[in-house]
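If you're wondering where the values come from, they're calculated on a predicted model, not measured in any experiment.
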Amino acid sequence: MDSSLIERVQAGDRDALVMYIEASKPQLLTFIRRSMSDAMRRKVEPEDILQEVGVAALQSLADVQLADRDPFRWLCQLSERRIIDAHRRYFAAQKRSAEKERDLYSGGDASGQRGFIDVLAASITSPSQAFSRDQREFRLLAALEQLPVEHQSAIRLRYVEGLPSKEIAEQLGKSDGAVRVMLTRSLSKLQEMLDD
């Protein structure tokens with residue numbers, strides 16, 4: 001790995017981080033696969049975890065002190081957190097009744113809209129941002145409505161219903177790769193609109 005690229009990542013350069021993640025993709029996928037149980041791999045693709053790690057890394061880069069840290073180790077730690085989150089999402093859900101599961105996602109609203117906003121607001125915005133929860137949710141809803149309907153559907157299926165990208169691709173009639181690109185671009189666009 002080019003040491004100047006690592007230094008740029010440690011200095012908080014987002015473009016450098018994107019290049020670093022891409023260059024480290026084989027090693028990161030190997031780490032993720034080894035960290036996931038067989039049962040988890042049947043529920044979630046390692047590539048989905050890696051995609052979530054990339055988004056989380058870009059969102060938190062400004063708030064993380066990497067000056068004396070190994071960026072690869074940091075990405076591995078983010079991967080471990082995403083795997084734990086996925087484990088809780090899929091396996092803790094099996095212990096709840098169907099009614100409780102519905103309430104988790106819908107937030108008690110039959111339309112599911114409130115739960116959708118709660119999940120996305122928590123996953124896209126960082127806790128260090130200064131605006132309140134209600135303002136964050138309002139801004140997120142407004143930003144979501146600016147995305148194409150297909151992109152909104154993909155985000156809902158991935159982050160609310162927890163479907164892997166392969167299943168989303170089947171539902172939308174697209175390739176797995178196209179869905180991954182759509183999700184990445186949609187989340188980046190939402191982040192840009194919220195940052196503005």
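Here the closest non-hydrogen pair linking Val179 and Ala169 is CG2-CA, 3.5 Å. Across all non-hydrogen atoms, the minimal contact from Gln152 to Leu147 is NE2-O, 2.8 Å.
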**Message:** For Met19 and Arg8: C-alpha separation, side-chain torsions, deciding distance, then whether side-chain contact (heavy atoms from CB on, under 4.5 Å) applies.
**Reply:** CA-CA 10 Å; Met19 289 187 284; Arg8 286 172 57 201; 3.5 Å; yes
**Request:** Dump the intermediate steps for side-chain contact (heavy atoms from CB on, under 4.5 Å) on Tyr20 and Leu75, then the final yes or no.
**Result:** CA-CA 10 Å; Tyr20 183 87; Leu75 292 171; 3.7 Å; yes
**Request:** Apply salt bridge (Lys or Arg N to Asp or Glu O under 4.0 Å) to Arg33 and Glu45, showing your working.
**Result:** CA-CA 9 Å; Arg33 284 188 188 104; Glu45 295 288 330; over 6 Å; no
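With sequence neighbours excluded, no residue forms a side chain to side chain donor-acceptor pair (under 3.5 Å) with Arg42.
Side chain of Ser24 to backbone of Gln27: no donor-acceptor contact under 3.5 angstrom is found. Listed for the Ser60 side chain is no donor-acceptor partner under 3.5 Å among the backbone atoms of Asp63. Looking only at distances, a side-chain donor or acceptor of Arg14 sits under 3.5 Å from a matching main-chain atom of Leu58.
Here salt bridge (charged side-chain N to carboxylate O under 4.0 Å, His left out) pairs that include residues 67-77, with residues two or more places apart or in two chains, are Arg73-Glu80. Residue pairs that meet the salt bridge (charged side-chain N to carboxylate O under 4.0 Å, His left out) test with at least one member in residues 175-185, sequence neighbours left out, are Asp48-Arg180, Asp176-Arg180.
Under the side chain to side chain contact (heavy atoms under 4.5 Å, CB included) test applied with Phe31, the options Pro26, Ser79, Pro46 reduce to a single match, Ser79.
In this structure the side chain of Pro164 never reaches within 4.5 angstrom of the side chain of Lys43, judged on heavy atoms. Residues Gln171 and Leu163 meet the side-chain proximity criterion, which asks for heavy atoms closer than 4.5 Å.
For the atom pair CG of Leu50 and NZ of Lys25, the computed distance is 6.5 Å after rounding to the nearest 0.5 Å.
Of the N and O atoms on the side chains of Glu47 and Ser165, not one donor lies less than 3.5 Å from an acceptor on the other residue.
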